[in-house]
Asker: 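Provided herewith is a single structure, encoded as structure tokens, for subsequent inquiry.
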Amino acid sequence: MEKEVATNTATGSNRKPAPLATSSNKKSTPANAKPTHTNAKSMGGNAEAMDSNGDATENQGAAMPSAMAGNAKPMVGNGKPMPPATGRNGKAMPGNVDLGIFARPQMQDKKKNKAVARGKVAVIYTRVSTKEQAETNQSLETQLERCRGYAERHGYEVAATFGGTYESAKNDERKHFQLMLDFVRKSRHKVGYIIVYSHDRFSRSGPNAIYIADQLSQLGISVVAVTQPVDTMTASGKLQQGIQFLFSQFDNDQRREKCVAGMEAKVRKGFWMGPAPMGYDQYRVNGEQVIKPNKTGKLVRLAFQLKAEQGLSNTDIIQRLKAQGLTLYNQTLTKVFRNPFYCGLITHGLLGEGEVIEGRHEPLVSRDVFLRVNGLQAQNAHGYTQVKEDAQLPLRHHIKCGECHKPLTGYEMKKKGIHYYKCNTKGCCLNRNAGKMHELYQGLLKEYQIDPILLPQVQEMMGQVFAKLSQEHVQEEKRLKLQSAELKKKLDTLERRYAYGEIEREIFQKFSGELKAEEREIGVNLEKLSGPLSNHQMLLEKGLRMALSLSSSWTKGNAVNRRRLQALVFPEGVQYDREKEAYRTTRVNSVFGLAAEISQKMGQKERGKSSSETDFSLLVVRRGIEPLLPE
């Protein structure tokens, strides 16, 4: 009897299925062979009969041809339909179900994500880096000509050209570059290629350029460089293009380092880099930078003088400048006051933090005025006017709280018409009647007055002290200037050797930093020695005449003269001790301090019998003598 044999389905290989055994004289399968319907696997709608070991039963028996049509049902050896396939749960599955339909959603999604092949339509992008290159058409024509030639050789239709101007490629927010990207993404021409002269013409942003090229590749758009051809359809080609983009960024960074080093060297020589600050005109004469004050500079100088001499608030200064045609905001004026450029010095982002270089430009104000103004700025950082009654509150911002060291402000109790000084620090609670504070201040000024009878002797002794100090001053100034000149020579030699490549950058930075630190220290010492010692006799006479009536002069003076006298005698203001209800002085003008001490010592002796050889040189503050009146 003929044995029933499981069908052998077409598996997609080139093997032909074995014919079905139909006669009794054919060899049948062994008696122990069983149909392996449960092991059949459906592959795209076809079933394959497998033996218990997983091998096709071709060598064990004949198999019937499998049904290849979609509706054909697989048959067993006796011509009956094959039982339906069963799932893992043992339930029968319909025999006519094509399982391939379950993969169709994924296949459709893959078709959507796959880049659609575009035609041979291209755009050309050209650029140069500077305005000068664009105006002279340098290399733009060459780039366009080479790109058009490449398109013709490869049969590309050029739909549009972009660029043709100067755009820095260090970032990709370029106007013409973005227009080109929008065009290729949205154009109905289905652009397939962006042709550039070289990869650095496309972008110098390195990783970002790789990202843009990858995004374009997903849209089926390739970036083609005429002078650097690579096949971006292969992995190695993409790698080569990425290396070209990264190298473009590396080249850009190297150029920047060289440029920054050159700019730093110029700044260290006293040249200003960038637009000149307000109040200056900048131009070139025979290739050399020249920076000169203009008409606005005169008003800037006036602002410094009003702040230093009269102690006006920023609001008052802005109003005065506006009346003369210069409109400024409070923040702008504060920046002007804090910029050392106006006193002849340069600070720059290319220099180290806190590093200052002496500039080659003409200063608008002296360094002393600049420091005095910034001392006042520290007392009132915001520069606003809290009260308008300066005549009633002349010590506002001049007196500091003895506890928190903040300057006192003032206000008026309008119901009683009484003015008060107060500390605005939270929790300080210092609030004092202005009249009592003025009486205390008059008493403080009396301590620095001299007796008119002792005036000749005081003047003679102070003349001796100042003459001796003047000689020492001149000698010390000469010594420091010689040291400064030697340091400048060493620094010039060091910069020249660095420019010629004789020394490395690290060595240059190390030794130039040391030399500049010494030069700054010498400058500070010279600044301390600066003062009107060359005409000390006239200044002494003037100062001593003022010292005869300091208290009464302050009481009778108007608001402006009071402030000038206060700043002259006590340049850093005074502190109020609430416990002792008295003032403490942190710094006193050397002329008034020395005169008061000499007068007190002479008053302890009989009048006219004091020795003119008494040594008072140690009483003089070695940092220099303050000018008797602000200039």
Asker: Checking the side chain of Ser366 only, and the main-chain atoms of Val369 only, is there a donor and an acceptor separated by less than 3.5 Å?
Answerer: yes
Asker: Check Ala213 against Val223 and note the closest heavy-atom contact, atom names and distance.
Answerer: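 For Ala213 and Val223, the tightest heavy-atom pair comes out as CB-CG2, 4.5 Å.
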Asker: So, the side chain of Asn374 versus the backbone of Phe370: is there a donor-acceptor pair under 3.5 Å, distance only?
Answerer: yes
Asker: What I'd like to find out is whether the side chain of Val230 reaches to under 4.5 Å of the side chain of Thr232, using heavy atoms alone.
Answerer: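 Yes; the side chains approach each other to less than 4.5 Å.
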Asker: Taking only Lys NZ, Arg NE, NH1 and NH2, and the carboxylate oxygens of Asp or Glu, determine whether Glu355 and Arg268 approach each other closer than 4.0 Å.
Answerer: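 Counted as a salt bridge, because a side-chain N and a carboxylate O are separated by less than 4.0 Å.
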Asker: Counting C-beta onward and ignoring hydrogens, is there a side-chain heavy-atom pair between Lys516 and Leu491 closer than 4.5 Å?
Answerer: yes
Asker: When rounded to the nearest 0.5 angstrom, what is the spacing between CG in Leu371 and SG in Cys343?
Answerer: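 Leu371 CG to Cys343 SG: 7.0 Å, rounded to 0.5 Å.
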Asker: Could you tell me if the side chain of Val356 sits less than 4.5 Å from the side chain of Ile346, heavy atoms only?
Answerer: no
Asker: Might you work through the side-chain contact (heavy atoms from CB on, under 4.5 Å) test for Thr425 and Glu403, ending with a clear yes or no?
Answerer: CA-CA 10 Å; Thr425 302; Glu403 298 293 330; over 6 Å; no
Asker: For Asp368 and Arg372: C-alpha separation, side-chain torsions, deciding distance, then whether salt bridge (Lys or Arg N to Asp or Glu O under 4.0 Å) applies.
Answerer: CA-CA 6 Å; Asp368 180 64; Arg372 295 213 312 262; 2.5 Å; yes
Asker: Rounded to the nearest 0.5 Å, what's the gap from OG1 on Thr161 to NE2 on His176? Could you check?
Answerer: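 With rounding to 0.5 Å, OG1 (Thr161) is 11.0 Å from NE2 (His176).
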Asker: Decide salt bridge (Lys or Arg N to Asp or Glu O under 4.0 Å) for Lys510 and Glu506; before the verdict, give the C-alpha distance in whole Å, the side-chain angles of both, and the deciding distance to 0.1 Å.
Answerer: CA-CA 6 Å; Lys510 176 184 177 182; Glu506 292 77 10; over 6 Å; no
Asker: Measuring only between side-chain heavy atoms, which start at C-beta, is Val226 closer than 4.5 Å to Ile195?
Answerer: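 The answer is yes; the side chains approach within 4.5 Å.
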Asker: Ignoring hydrogens, what is the shortest heavy-atom contact between Cys147 and Ile124? Give both atom names and the distance.
Answerer: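 Nearest heavy atoms, Cys147 then Ile124: CB-CG2, 3.6 Å.
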Asker: side-chain contact (heavy atoms from CB on, under 4.5 Å) for Leu333 and Ile318? Distances and angles first, verdict last.
Answerer: CA-CA 8 Å; Leu333 183 61; Ile318 288 171; 3.8 Å; yes
Asker: Can Glu264 and Lys269 be said to form a salt bridge (Lys or Arg N to Asp or Glu O under 4.0 Å), step by step?
Answerer: CA-CA 9 Å; Glu264 180 184 347; Lys269 290 181 180 180; over 6 Å; no
Asker: Heavy atoms only: give me the nearest Gln282-Ala276 pair and the separation to one decimal.
Answerer: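 Looking at all heavy atoms of both residues, the closest pair is OE1-N, 3.1 Å.
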Asker: Please examine the side chains of Lys307 and Ile317, heavy atoms only from C-beta on, and report whether any two atoms are closer than 4.5 Å.
Answerer: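 Answer yes - side chains close enough.
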Asker: Between the main-chain N or O of Lys489 and the side-chain N or O of Thr493, is there a donor-acceptor pair closer than 3.5 Å?
Answerer: yes
Asker: Say you draw a straight line from CD1 of Ile507 to CG of Leu494; how long is it, rounded to the nearest 0.5 Å?
Answerer: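 Ile507 CD1 to Leu494 CG: 9.5 Å, rounded to 0.5 Å.
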Asker: Rounded to the nearest 0.5 Å, how far does CG of Leu181 lie from CD of Gln178?
Answerer: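 So the gap between those two atoms works out to 5.5 Å.
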Asker: Ignoring hydrogens and geometry, is there a side-chain-to-backbone donor-acceptor pair from Asp281 to Lys292 under 3.5 Å?
Answerer: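 Not confirmed, Asp281 side chain does not pair with Lys292 backbone.
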Asker: Is the distance between the ring centroids of Phe337 and Phe304 under 6.0 Å?
Answerer: yes
Asker: Does Leu568 form a side-chain contact (heavy atoms from CB on, under 4.5 Å) with Arg564? I'd like the steps, not just the answer.
Answerer: CA-CA 6 Å; Leu568 180 63; Arg564 293 179 68 183; over 6 Å; no
Asker: So do the side chains of Leu216 and Ser222 get within less than 4.5 Å of each other, counting heavy atoms only?
Answerer: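 SC-SC contact between Leu216 and Ser222 ruled out.
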Asker: Taking all heavy atoms of Thr332 and all of Leu328, pick out the closest pair and write down the distance.
Answerer: CG2-CD2, 3.9 Å
Asker: Parallel, tilted or perpendicular, judged at 30° and 60°: which one describes the rings of Phe508 and Tyr498?
Answerer: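 Rings of Phe508 and Tyr498: parallel, under 30°.
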Asker: Which pair of non-hydrogen atoms, one from Arg584 and one from Gly402, has the smallest distance, and what is that distance?
Answerer: NH2-O, 3.7 Å
Asker: Using the six-membered ring wherever Trp is involved, compare the ring planes of Phe202 and Phe245 and label them parallel, tilted or perpendicular (cut-offs 30° and 60°).
Answerer: tilted
Asker: How about Gln310 and Arg563: does a side-chain donor come under 3.5 Å of a side-chain acceptor?
Answerer: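 No - no donor-acceptor pair under 3.5 Å links their side chains.
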Asker: List the steps, then state whether side-chain contact (heavy atoms from CB on, under 4.5 Å) holds for Asp231 with Thr234.
Answerer: CA-CA 6 Å; Asp231 184 6; Thr234 64; 3.5 Å; yes
Asker: Could you state the interatomic distance from CG (Leu364) to CE (Met278), rounded to the nearest 0.5 Å?
Answerer: 10.0 Å
Asker: Any non-hydrogen side-chain atom of Trp272 less than 4.5 Å from a side-chain atom of Gln289?
Answerer: yes
Asker: List the steps, then state whether side chain to side chain donor-acceptor pair (under 3.5 Å) holds for Asn314 with Thr334.
Answerer: CA-CA 8 Å; Asn314 285 13; Thr334 300; 3.2 Å; yes
Asker: Is a donor on one side and an acceptor on the other found under 3.5 Å between the side chain of Arg396 and the backbone of Thr409?
Answerer: no
Asker: Hey, is the main chain of Tyr197 close enough, under 3.5 Å, to the side chain of Thr227 for a donor-acceptor pair?
Answerer: yes
Asker: Does atom OH of Tyr283 have more than 12 heavy-atom neighbours from other groups under 6.0 Å away?
Answerer: yes
Asker: Grab the two heavy atoms, one from Asp316 and one from Leu312, that are nearest each other, plus how far apart they are.
Answerer: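 Asp316 and Leu312 have their closest heavy atoms at CB-CB, 4.2 Å.
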Asker: Please work out whether the ring planes of His361 and Tyr280 are parallel, tilted or perpendicular, with thresholds of 30° and 60°.
Answerer: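 Perpendicular, since the angle between the ring planes exceeds 60°.
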Asker: Are there over 12 heavy-atom neighbours, none belonging to Arg146, within less than 6.0 Å of that residue's CZ?
Answerer: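 No - once you tally the heavy atoms of other residues, nucleotides and ligands closer than 6.0 Å, there are 12 at most.
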Asker: Please check if the number of heavy atoms outside Gln215 that lie under 6.0 Å from its CD is greater than 12.
Answerer: yes
Asker: Phe162 vs Phe183 aromatic rings, parallel, tilted or perpendicular, using cut-offs 30° and 60°?
Answerer: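 Tilted, since the angle between the ring planes falls between 30° and 60°.
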Asker: Assign the ring pair His398 / Phe570 to parallel, tilted or perpendicular, where the plane angle (0 to 90°) is split at 30° and 60°.
Answerer: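 The arrangement is tilted - the two ring planes meet at 30° to 60°.
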Asker: Hey, do the aromatic rings of Tyr193 and His154 have their centres closer than 6.0 Å?
Answerer: no
Asker: Could you tell me whether the side chains of Asp214 and Ser217 share a donor-acceptor contact shorter than 3.5 Å?
Answerer: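 No donor-acceptor contact under 3.5 Å links the two side chains.
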Asker: Is the backbone N or O of Val588 less than 3.5 Å from a side-chain atom of Thr585, with the two atoms forming a donor-acceptor pair by type?
Answerer: no
Asker: Just wondering, more than 12 heavy atoms not from Glu521 lying within 6.0 Å of its CD?
Answerer: no
Asker: Starting at CD of Gln228, measure out to CZ of Arg201 and round the result to the nearest 0.5 Å.
Answerer: 10.5 Å
Asker: Should Arg367 and Glu358 count as an ion pair when the cut-off is N to O under 4.0 Å?
Answerer: yes
Asker: Is there side-chain contact between Leu487 and Ile522, with at least one heavy-atom pair below 4.5 Å?
Answerer: yes
